[in-house]
Structures are given as structure tokens and as C-alpha cells.
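Accompanying notes for the structure given below.
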Amino acid sequence: MSSHNESILREPLITGKDITYAQITDDILLPVENKPNKAWWIGFTVAALGAMLWVVSVGYTFWTGIGAWGLNKTVGWAWDITDFVWWVGIGHAGTLISAVLLLFRQNWRNSINRSAEAMTIFAVICAATYVVAHMGRPWLAYWIFPLPNQFGSLWVNFNSPLVWDAFAISTYFTVSLVFWYCGLLPDIATVRDRATGLKQKIYSVLSFGWNGSVKTWQRFEIVSLILAGISTPLVLSVHTIVSMDFATSVIPGWHTTIFPPYFVAGAIFSGFAMVQTLLLILRKVMNFENYITMFHIESMNKIIMVTGSIVGIAYLTELFIAWYSGSEYEMYAFANRIAGPYAWAYWAMMTCNVISPQLFWFKKIRTSIPISWVLSIVVNIGMWFERFVIIVTSLHRDYLPSSWAMFYPTWVDVGIFVGSIGLFFTLFLLFLRFLPGIAIAEVKLLLKSASLQQKTKLVQEGAFPEDQVEYFRNSLDKYDSVTEEDIKALKIKN
């Protein structure tokens with residue numbers, strides 16, 4: 001027992017009795033190898049209808065121009081950039097979970113990183129559609145890249161943070177896509193080896209000849225660490241550069257140096273909230289309770305609580321700096337946010353982003369699945385309001401009162417936003433249908449060290465002190481797979 005290095009006090013990362021390597025493979029590949037269940041079809045139908053709304057709304061925008069939106073001469077940025085920043089922020093948690101937690105050897109990432117990485121890919125795709133749509137001439141979208149063109153000396157303005165955005169987000173998307181797909185290779189090979197006919201041929205091509213040899217695994221681990229090292233700076237850089245779209249301007253309410261760290265914390269905050277929303281649905285619909293445990297849910301809630309507190313400090317810092325600056329324009333911008341015509345959006349933001357995460361200080365709330373799911377949605381609603389408040393309330397009243405104007409969204413604004421959510425869930429559900437939603441190979445690494453059945457076996461063999469065993473026994477009632485009889489049957493070997 002001296003070689004065992006997993007504390008009995010640490011909650012198990014795999015629950016369930018009599019779990020084997022074969023059962024892990026069968027459980028995770030069940031949605032891939034069998035016909036979708038009723039819950040999947042209901043979700044896919046609703047998401048597909050939303051995606052159709054997105055196609056109609058974006059098509060109408062391309063046909064008539066961005067005048068179809070609620071923009072005016074005063075508010076030139078509105079829902080489109082709000083939604084863009086919101087989607088980029090949601091895409092942050094995938095890289096953080098995959099790369100940063102991998103480098104820090106946090107094993108609890110193994111059950112949730114695959115879905116988080118997929119979420120990143122689809123969220124960035126949704127964000128990119130807003131950039132292209134906002135250009136007004138989407139067929140000229142390639143102008144944002146420094147490529148030779150038919151107009152001779154035309155070149156991008158490298159002093160513009162909008163150009164930095166294009167480089168940062170395209171780099172982020174490319175690295176995240178490669179990282180996600182490389183992690184998929186062992187599991188795609190597993191599907192290939194269990195499939196027949198045309199399906200086997202398709203997965204054979206997708207697996208890139210993975211053979212599972214020792215050399216292959218060594219290269220896989222090296223590449224994973226290299227990509228994690230490359231991805232980690234991107235977590236900080238991408239939303240930092242997005243914040244510079246605002247911070248490098250002279251608009252009161254935007255021109256502030258706190259935006260880079262503030263935006264990064266907010267992105268991680270909203271990204272983890274969306275991961276929580278998706279994982280709790282995935283856990284229930286796909287019957288992954290044994291692999292996405294209460295420890296995963298509670299750990300996610302702790303990160304949401306911490307990043308929400310950081311965001312709250314950033315809000316207070318903004319208010320203080322506006323007062324401390326002595327600038328009447330800066331002070332008015334924040335007074336207008338708090339008590340102006342858009343005050344309802346400001347207080348909705350404060351309630352959702354500052355107050356609601358503090359509920360996670362209470363363990364009963366932090367370990368409640370229904371409350372966690374509701375609060376994760378509340379957080380993302382609040383983060384959308386944050387971007388709306390930053391953008392619209394800073395623009396709708398400027399230096400010239402005669403130019404003041406209110407922004408009102410049109411059906412096209414609403415349609416594109418709701419439709420982008422439908423597009424996101426359509427892509428995510430298709431991913432769950434054809435690819436494993438949990439990393440099979442990485443979860444198997446935990447079976448002999450961090451699973452509930454392994455710890456129970458060690459307890460029965462007398463590997464732990466009695467006081468630690470008592471703590472372990474008292475914590476068993478929180479797991480879905482453990483019955484009262486199991487708890488009573490757990491005895492200490494004398």
C-alpha cells in the first residue's frame with residue numbers, strides 16, 4: 001500500500017461499483033454507437049430551429065445591409081459586438097481546462113476537458129460570424145489579413161486593435177482546434193476498431209492511422225504538453241486583445257487600463273459557467289453520472305465563485321477610478337450607467353455577476369445540481385448584460401447632448417443572437433452524436449487511483465487510518481451510485 005498516493009480525503013473522480021476499463025469504453029461510446037435517445041432528438045430539433053432562425057436573420061442582414069439592425073449614428077456598436085465579445089468569452093474555459101489544468105496536473109479535468117474544448121471551437125465559430133456580418137461586405141472579409149490583393153498597395157492597419165483581434169482569435173481557434181483533435185485521436189481509433197462497414201472506413205480516415213503503440217502514446221503526450229504550453233498564453237492574450245478594442249479608444253467608460261485583466265477574468269467566469277451548463281445536461285442525458293461527479297461540479301462552482309469575485313472587484317475599481325480621475329465625462333459615464341435610462345441593465349449585471357456567485361460560498365448550494373445549473377445560466381445572462389452595458393451605455397450619450405440616442409434592437413438583432421445559440425447547440429449535439437463526449441483514454445487513467453471502487457477496496461484492506469475512513473464513509477451519501485447498504489457494508493479491516 002505504500003505506493004498508493006491518492007488521499008482517502010480527496011473525493012473520487014469516478015463513482016460506481018464494479019467499473020472496468022471495458023465498461024468505461026461502453027458507457028462513453030453508447031451515444032456514438034447507438035441511435036440517439038429521445039432527449040437528444042428533442043434538444044437537436046429545438047437547436048436546429050434556432051439555427052434556421054440564424055440563417056434567416058444573417059441572410060436578411062447580408063441582403064439588406066446592417067441597417068436592418070437597430071444601430072444609429074450615435075450607437076454604431078450594439079448587440080453585434082456585445083454578442084461577439086460574449087461568445088469569445090465563453091470560448092475561454094475550454095482552453096483553460098485543457099491546457100492550464102493539464103500543465104498543473106489536475107486530474108479532475110480528465111472527464112470534462114473534451115466537452116469544454118468542443119465548446120471553445122463552436123463558441124469561436126459563433127463569434128466569428130458577428131465579425132463577418134458587421135463588416136457590411138462579408139465577401140471582403142479576407143481584407144483583415146495581410147494578403148496580396150487586386151487593389152495593389154492596400155494593406156491592413158497594424159495599429160488597429162481590430163486587426164489584432166483577427167490574428168489573436170484565428171490563432172486561438174487554430175491552436176484550440178488542433179489541441180482538441182489531437183486529444184480525440186485515441187478515442188476515434190477506439191470507435192474505428194469497434195465499427196464495421198462504411199462507419200469503420202470513415203473513422204479510420206479520421207484516426208490518422210493511430211495504432212496505440214508505446215511510441216505513439218509517447219508522441220501523443222509530448223504533443224499534448226507542447227500544445228498546452230502554446231495555449232496557456234492564449235488564455236490571457238485573446239481576451240486582453242479583445243478588451244483593447246475598447247481600452248485604446250478615448251471614449252469615457254472604455255478608456256481604462258483595467259480592461260485587459262478584467263476581461264480575462266470575465267471570460268473565464270462566463271466560460272466556466274457555460275461549461276457547467278453543458279456538463280450538467282450532458283451528465284443527465286448521456287448517463288455520465290459516474291464520470292462527471294459531484295467533485296467536478298463543486299470544483300467548477302468554486303472557480304465560478306472566485307472569478308465572479310474578481311469581476312466584482314473590477315466593477316468597484318471602475319467606479320473608484322472614474323471618481324478619482326476627476327474627469328467629469330468619466331464620472332458622468334458611470335453615473336449614467338447606474339441611474340440613466342439603461343440602469344436596469346447595469347443592475348441586472350451587478351445582480352447576476354456579483355451577487356449570485358457568492359451563493360457558492362455555501363456548500364449545500366455548491367453541491368446542488370439544480371441550483372448550480374440555474375446559477376450557471378444566470379451568470380451567462382449577467383455576462384451578456386456586462387458587455388451590453390460597456391458598449392451601449394458608453395455610446396448612447398456622448399459629448400454632444402443633441403446627438404444622444406437610445407438603442408432598440410430589431411427582430412434581426414434578436415434573431416441573430418437567439419439563432420447563434422441555436423447554431424452553437426446544434427454543433428454541440430452533433431459532436432456528442434458522432435464523437436465521444438468524454439476522453440476515454442484519460443478517464444481510464446483514473447480508475448486504479450481515484451475511483452470510488454478503488455478507494456473502497458483500499459479501505460476494506462485497512463490501508464487508511466480509522467478517522468479518515470469515517471470521513472470517507474460520511475461523504476458517500478452524495479454519490480448517485482452508492483446505496484445505504486453500501487455505506488453500512490463498508491467495514492475497516494482490523
Side-chain angles (χ1 to χ4, degrees), residues 48-89 122-147 149-152 154-157 159-170 173 242 244-246 248-249 251 254 341-342 345 384-385 387-398 400 402-424 426-427:
L49 290 174
M52 289 176 62
L53 175 62
W54 177 83
V55 171
V56 171
S57 301
V58 171
Y60 185 81
T61 299
F62 287 173
W63 185 259
T64 62
I66 61 173
W69 300 347
L71 304 175
N72 52 56
K73 291 183 179 180
T74 303
V75 185
W77 283 7
W79 270 37
D80 49 319
I81 304 301
T82 299
D83 300 342
F84 160 73
V85 179
W86 188 71
W87 278 119
V88 172
F122 306 142
V124 173
I125 290 173
C126 291
T129 62
Y130 286 97
V131 177
V132 174
H134 190 267
M135 291 178 178
R137 296 180 175 87
W139 53 89
L140 300 179
Y142 66 92
W143 280 14
I144 63 176
F145 296 106
L147 300 173
N149 58 76
Q150 65 269 36
F151 296 108
L154 182 64
W155 200 250
V156 296
N157 179 12
N159 293 322
S160 170
L162 298 177
V163 175
W164 308 343
D165 260 354
F167 283 96
I169 293 173
S170 60
F173 177 79
V242 170
M244 290 178 182
D245 294 345
F246 309 97
T248 56
S249 71
I251 304 295
W254 288 4
Y342 287 113
W384 186 91
F385 273 114
R387 280 65 180 249
F388 178 82
V389 166
I390 289 173
I391 294 167
V392 174
T393 63
S394 299
L395 291 176
H396 85 111
R397 290 183 174 178
D398 57 13
L400 194 63
S402 61
S403 298
W404 289 3
M406 295 290 288
F407 167 79
Y408 300 102
T410 65
W411 71 267
V412 184
D413 287 298
V414 178
I416 292 179
F417 177 55
V418 175
S420 68
I421 297 175
L423 174 64
F424 173 82
T426 300
L427 295 173

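Between the side chain of W69 and the main chain of T410, no donor-acceptor pair closer than 3.5 Å is present. Without hydrogens or angle criteria, D413 side chain to G70 main chain gives a donor-acceptor distance under 3.5 Å.
Taking the six-membered ring where tryptophan is involved, the planes of F388 and F385 are perpendicular, since the angle between them exceeds 60° and thus also 30°.
Here CG of L71 is found 14.5 Å from OH of Y408. Values are rounded to the nearest 0.5 Å. In this structure, CH2 on W54 lies 13.5 Å from CD1 on I421, to the nearest 0.5 angstrom. Atom OG1 in T61 sits 9.0 Å away from atom CD1 in I66 (nearest 0.5 Å).
Residue S170 comes nearest to A166 through the heavy atom pair OG-O, 2.6 Å, listed as atom of the first residue, atom of the second, then distance. Residue P161 comes nearest to T248 through the heavy atom pair CG-OG1, 3.3 Å, listed as atom of the first residue, atom of the second, then distance. For L395 against T74, the heavy-atom pair with the smallest separation is O-CG2, 3.1 Å. Counting all heavy atoms, side chain and backbone alike, F407 lies closest to Y342 at N-OH, 2.8 Å. Of all non-hydrogen atoms in P409 and V414, the two that sit nearest each other are CB-CG2, 4.4 Å. Between L53 and G415, the shortest heavy-atom contact is CG-O, 3.7 Å.
Within 6.0 Å of atom CE in M406, more than 12 heavy atoms from other residues, nucleotides or ligands are found, so the atom counts as buried in its surroundings.
Under the 4.5 Å side-chain criterion, counting only non-hydrogen atoms from C-beta, I125 is in contact with F173. Under the 4.5 Å side-chain criterion, counting only non-hydrogen atoms from C-beta, F417 is not in contact with S57. When side chains are defined from C-beta on, F84 counts as touching D165, because their heavy atoms get closer than 4.5 Å. Put simply, the side chain of D398 reaches to within 4.5 Å of the side chain of W404, judged on heavy atoms.
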Show your working on side chain to side chain contact (heavy atoms under 4.5 Å, CB included) between L423 and F122 and close with a plain yes or no. CA-CA 9 Å; L423 174 64; F122 306 142; over 6 Å; no
W79 vs W384, ring pair (Phe, Tyr, Trp, His ring centres under 6.0 Å): CA-CA, chis, key distance, verdict: CA-CA 10 Å; W79 270 37; W384 186 91; 5.1 Å; yes
Show me, pair by pair, the donor-acceptor contacts under 3.5 angstrom made by side chains of residues 129-139, not counting sequence neighbours?
{"unit_1": "T129", "atom_1": "OG1", "unit_2": "C126", "atom_2": "O", "d": "2.5"}
{"unit_1": "Y130", "atom_1": "OH", "unit_2": "D83", "atom_2": "OD2", "d": "3.3"}
{"unit_1": "Y130", "atom_1": "OH", "unit_2": "I416", "atom_2": "O", "d": "3.3"}
{"unit_1": "Y130", "atom_1": "OH", "unit_2": "S420", "atom_2": "OG", "d": "3.1"}
{"unit_1": "H134", "atom_1": "NE2", "unit_2": "D80", "atom_2": "OD2", "d": "2.9"}

